[in-house]
Amino acid sequence: MEFEPNIADFNNDKFNDITFISATAVRGSNEVRRLFIYNNQKQELVSIVNSHDYPNMLYNNKLNCIDAFMIHGSATTVFAKLSGDSLKTFATVQNSEEYHTINLIDKNGNERTLYKVKSKGVFIRHKSFKPLIEYEFNPFD
């Protein structure tokens, strides 16, 4: 496993942040990265303590958040916001062969199903959940 740093803006503050590979899971399908957000006021990098829980993460400019793509028996897109030194999930799209199930997660961690739609495939990454929109390109390119 190589370090492979990625320098990009993960919180839309116009300052570069950094991630590096810290682990892989599910036979290499889930790239786990450690995320450090640059705090311009303190001029330091802030370690996001739970970033390892969000594999294949990207900054999502459509929703101004971070999304992750979890590959398991199927796949789930997770949408999260930065909160201090952590990521907090606020929505997910869980894929199955039958449905895409869109869930909202409140500030207390309670999950409720918003809606379901007929599945277009199991391994689809979504960039929006309301309305449901797929990435039009491979976000890993």
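As a basis for the values below, the full set of heavy atoms in this structure was taken, side chains included, without hydrogen atoms, waters or symmetry mates.
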**Message:** Pairing donors with acceptors under 3.5 angstrom, does anything connect the side chains of Tyr59 and Asp17?
**Reply:** no
**Message:** Could you check whether atom CD of Glu97 has more than 12 heavy atoms from other residues, nucleotides or ligands sitting under 6.0 Å from it?
**Reply:** no
**Prompt:** Is a side-chain donor-acceptor pair under 3.5 Å present for Asn30 with Asn56?
**Reply:** yes
**Request:** Decide yes or no for Leu82 and Ile37: does some side-chain heavy atom of the first lie under 4.5 Å from some side-chain heavy atom of the second?
**Result:** yes
**Asked** Is there side-chain contact between His100 and His126, with at least one heavy-atom pair below 4.5 Å?
**Response** yes
**Message:** Has Asp9 got a side-chain atom pairing as donor or acceptor with Asn12's backbone, closer than 3.5 angstrom?
**Reply:** yes
**Request:** Look only at the side chain of Asn39 and the backbone of Leu45, and say whether a donor-acceptor pair between them is shorter than 3.5 Å.
**Result:** no
**Asked** Between Tyr115 and Thr101, is any side-chain donor less than 3.5 angstrom from a side-chain acceptor?
**Response** no
**Prompt:** Hey, which of Val78, Asn110, Thr89 is the one that makes side chain to side chain contact (heavy atoms under 4.5 Å, CB included) with Ile105?
**Reply:** Thr89
**Request:** Please identify each residue that fulfils ring pair (Phe, Tyr, Trp, His ring centres under 6.0 Å) with Tyr99, with sequence neighbours left out.
**Result:** none
**Request:** Give a yes-or-no answer on whether the side chains of Ser47 and Arg34 include a donor-acceptor pair shorter than 3.5 Å.
**Result:** yes
**Prompt:** Which class fits the ring pair Phe129 and Phe79: parallel under 30°, tilted 30 to 60°, perpendicular over 60°?
**Reply:** tilted
**Request:** Flag the pair Arg125 and Asp67 as a salt bridge only when some basic side-chain nitrogen lies within less than 4.0 angstrom of an acidic carboxylate oxygen.
**Result:** yes
